[in-house]
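Here is the structure we will look at, set down as structure tokens.
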Amino acid sequence: MRSVREAWKAAVASAVADMLAEKGADPSLSEAVAAEAPPDAAMGDVGFPMFPFAKALRMGPPQIAAALADRLVAEASAGAAPAGTVKAVGPYLNVFLDRASVAAQALGSRSLGSSYGRSSSLAGSKVMIEFSSPNTNKPLHLGHLRNDVLGESSARILKANGAEVMKINLVNDRGVHICKSMLSYMAYGGGRVPEDEGKKTDHFVGDYYVRFNDLKKDDPKAEEKAQELLVKWEAGDPETIALWKKMNEWAVGGIRRTYDRTGVSFDKYYYESQIYLTGKDEVQKGLASGVFFKADDGSVRVDLSPIGLEEKVLLRKDGTSIYMTQDLGLAIHRHQDWPFDRLVYVVANEQQYHFKVLFYILKRLGYDWADNLFHLSYGLVNLPEGRMKTREGTVVDADALLDSLRELALEEIQAKGREDAVGDPLDTAEKIALGAVHYYLAQATPSKDMIFNPKESLSFNGNTGPYIQYMGARISSLLRKRDRGEGSASKGSVRPELLSSPSEWELVRLVSSYPEAVEQAGAEYNPAIVAAHVYAIASAFSKFYHDEPILSCEDPDQAATRLALSEAVLVVLKNGLELLCIPFLEAM
RNA sequence: GCGUUCGUAGCUCAGCUGGAUAGAGCGACGGACUUCGAAUCCGUAGGUCGGGGGUUCGACUCCCUCCGGACGCACCA
């Protein structure tokens, strides 16, 4: 569809340039030709507004559109224009595409299967993407799920556009917050292990972190002791390290189980405990080259006035490093490990300042890849009841959320009496729960704060994951029937020109523009674009399915063609859901 | 106080990089199952696009200003 549209755009631009030249105006003004979508398909498939040329041509836009239409019709009769017909509609020049050829192209997606929607727009580029980055003192919560789905989905979209992608996870496994859960365990743990309490290992650790609040009441010096423990840890005290290792294995092990459950994976794990000292040497180099300076108090700083900010300390006066130092070193080391062209950080928007400064410093240090750093900044996830707060215990635990959604989905399957039809009810319920959460989180514009409504996410009605999964299941059901010999489709042949009704054309249009959506999502690091497209096609299919007989169509050719269209829709649904980390279901 | 960002229907969100009558979903109200899965579909009501200026042939979109919310402004991560 794009190629046809581009061809028309070029044809219109060339015709406009000719008109401008004839009137003695500058032909390069024709670069302002823009292809748009008319509000109603009855007005045309592609529209070109003529306003920008009115002044230069000394004509009203409607007159320009009419004159241009005549010109292009003449070219078409001479075989010089792309397929389709043109029509002046007020100030717009509209094009009606040759629907049969667009439909034929859309049906071609069936043979491409899982590769339909791939592009080479990012071919040859290496993209590293960092996401999730959990702390090892507590399990994943709803906010992580948004981070994870944005990261994993973006990675899949980038790959679909031809990029080579390296997914990395930076685990925050050191620091005073980790020491707090250790201290709490030392006080209350009594040597117990997760199995003793029948708990998932990361929850076991998280519970001790929460109990640090009790410890503060029992022991007024708890905060101090946590700091002391951190010092012991940094000194490599064997006992401290042993406990730290044990608890971290529990935490990371549990978190990994949640990743397995949600379909998130990483190519490489980095641990802060191993890299928190990196970056010092880079700062020293920058100091030597004059990018940084030594302040009167002995600390090393960078001047941020060129980007309208103050100074930033990079090394304390005692020579110890800070967060920025570490991230600086890590970025450089990562590039040595795997020379990426772009580096994407999926991190909450509260760290915008941090990345602004980090990117600026890397650029000042002269790294050529510093121009292609991107902070995929996302907003908070809140609940209908209000904001999640750790202290108030209103944080939504990821595992518990998935469990409760799975339970609700299971109840629905049972209520509909579909246990036998779905085969494995619990597994199906789990996949519906995952579809609900991932779709809901992925469909929102990343940068904005959002409200997560669990009940709404699971609704089988409306703009939800399960609704889309349902359309996939319906099409699968049709195909099963066809394979069993039902209907007349097998006796007919596929004829794209039969796809002419409004609902059929809408589906053709959406199938054929799917690759553009994937490409745009990749260019903007925005899975929501794929989500919107997948929902649109599911919704359009639902209408089509309701209005038109498919398998039960009397005319074999029409049945075969409509079934082929359904298969094309299925290809888009499957591929799109895959990009969004939403399981596809044959039946539900 | 300074900076960033957001404000679109009762609620949750789109709005294709400045174009045709601002769109969906939920909720409300009213319809559609002897028919491929009604976990669906159709219709109705509901908006001064936070307010006010400006740029433009044309502004939800760009600029300024005010109001309101969020986040940041550490030698914490």
Side-chain angles (χ1 to χ4, degrees), chain A residues 34-40 43 47-52 54-55 60-61 89-92 94 133 135 172 174-177 272 276 295 297-301 308-310 312-318 320-327 348-354 356 377 379-380 382 384 387 409 412-413 415-416 418 421 432 440 443-445 447-453 455-456 459-464 466-467 469-471 473-478 481-482 486-487 513 516-517 520 524 528-529 532 535-536 539 542-543 545-553 559 562-563 566 587-588:
Chain A
E36 286 161 10
D40 183 351
M43 300 166 87
F48 300 92
M50 290 299 125
F51 305 100
K55 202 169 278 176
V89 182
Y92 292 85
N94 289 351
S133 304
N135 290 328
N172 297 301
R174 66 166 287 278
V176 74
H177 51 298
E272 263 194 35
Y276 77 104
D297 66 358
S299 62
V300 178
R301 307 183 180 199
L309 298 170
E310 310 277 309
K312 175 80 186 173
V313 172
L314 297 176
L315 280 180
R316 297 187 181 97
K317 61 186 169 201
D318 63 3
T320 55
S321 65
I322 59 172
Y323 178 44
M324 185 64 74
T325 322
Q326 170 190 311
D327 250 10
N349 60 16
E350 62 200 6
Q351 292 199 36
Q352 278 175 116
Y353 166 84
H354 174 76
K356 190 175 179 183
S377 167
L380 252 53
N382 296 314
R387 212 172 147 170
E412 192 66 24
I413 290 169
K416 302 282 172 192
R418 291 197 53 84
I432 292 171
Y440 205 98
Q443 55 83 32
T445 300
S447 60
K448 292 189 188 179
D449 288 354
M450 67 180 294
I451 294 177
F452 180 80
N453 185 328
K455 244 185 211 129
E456 195 179 297
S459 167
F460 301 93
N461 251 334
N463 188 1
T464 68
Y467 172 86
Q469 288 173 313
Y470 176 54
M471 292 310 145
R474 273 177 151 183
I475 298 174
S476 302
S477 173
L478 278 177
K481 291 195 168 173
R482 189 262 323 265
E486 290 185 34
S513 60
E516 290 170 57
Q520 193 190 348
E524 296 176 18
I529 292 168
Y535 172 69
S539 173
S542 190
K543 182 175 169 55
Y545 179 89
H546 186 267
D547 293 348
E548 318 279 2
I550 301 170
L551 195 59
S552 54
C553 212
R562 286 182 175 165
L563 209 55
S566 304
M588 60 191 283

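Here is how names work: the chains are called A, B, and so on, in the same order as the sequence lines, proteins then strands, and each is numbered from 1. Note that this is a predicted model, so its numbers are computed, not measured.
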Gap in Å between the two [atom1] atoms, one belonging to [N] and one to [M], rounded:
{"N": "B:G25", "M": "B:G68", "atom1": "C1'", "result": "27 Å"}
{"N": "B:G15", "M": "B:G23", "atom1": "P", "result": "15 Å"}
{"N": "B:C66", "M": "B:C29", "atom1": "C1'", "result": "40 Å"}
{"N": "B:G50", "M": "B:C73", "atom1": "P", "result": "29 Å"}
{"N": "B:A28", "M": "B:C36", "atom1": "C1'", "result": "32 Å"}
{"N": "B:C16", "M": "B:A20", "atom1": "P", "result": "11 Å"}
{"N": "B:G30", "M": "B:C71", "atom1": "C1'", "result": "45 Å"}

Worksheet item: Sub-3.5 Å donor-acceptor pair from the side chain of A:Thr325 to the main-chain atoms of A:Leu314, do we have one?
Response: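 Here the side-chain-to-backbone pair exists.
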
Check: protein-nucleotides 46-48 of chain B nitrogen or oxygen pairs below 3.5 Å:
none

Item to complete: Would you state whether a donor and an acceptor, one from the side chain of A:Asn461 and one from the base of B:A38, lie under 3.5 Å apart?
Response: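 No such pair is found, so the answer is no.
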
Fill in: Separation of A:Gln443 CD from A:Met450 CE (nearest 0.5 Å)
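Result: 5.5 Å between the selected atoms.
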
Worksheet item: How long is the gap from CG on A:Asn453 to CG on A:Asn382, to the nearest 0.5 Å?
Response: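 It is 12.5 Å, given to the nearest 0.5 Å.
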
Worksheet item: Can you find a side chain N or O atom of A:Tyr545 that sits less than 4.0 Å from OP1 or OP2 on B:G37?
Response: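 True: A:Tyr545 side-chain N/O within range (under 4.0 Å) of B:G37 OP1/OP2.
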
Discussion item. Taking 4.0 Å as the cut-off, does a side-chain nitrogen or oxygen of A:Tyr467 come that near to OP1 or OP2 on B:A24?
Written reply: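 So the side-chain polar atoms of A:Tyr467 never come under 4.0 Å of the phosphate oxygens OP1 or OP2 of B:A24.
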
Worksheet entry | Closest nucleotide among B:U12, B:G37, B:C71 to the A:Glu350 side chain |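 Shortest atom-to-atom distance from the side chain points to B:C71.
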
Worksheet entry | Between A:Asp327 and A:His354: side-chain donor-acceptor atoms closer than 3.5 Å |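 Looking only at side-chain atoms, A:His354 and A:Asp327 do form a donor-acceptor pair, the distance falling under 3.5 Å.
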
Discussion item. If you compare all heavy atoms of A:Leu478 against all heavy atoms of A:Ser566, which two are closest, and at what distance to 0.1 Å?
Written reply: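 For A:Leu478 versus A:Ser566, the nearest heavy atoms are CD1-OG, 4.3 Å.
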
Worksheet item: Which ranges of RNA chain B pair up as stems, where a stem means three or more consecutive Watson-Crick or G-U pairs with both distances under 3.5 Å?
Response: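 Only these stems qualify: B:1-7 with B:67-73, B:10-13 with B:23-26, B:28-32 with B:40-44, B:50-54 with B:62-66.
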
Worksheet item: Who passes ring pair (Phe, Tyr, Trp, His ring centres under 6.0 Å) against A:Tyr440, sequence neighbours left out?
Response: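 Residues passing ring pair (Phe, Tyr, Trp, His ring centres under 6.0 Å) with A:Tyr440: A:Phe452.
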
Worksheet entry | Sugar-phosphate only, base, or nothing, as touched by A:Glu548 at under 4.0 Å among non-hydrogen atoms |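 Base, at least one base heavy atom under 4.0 Å.
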
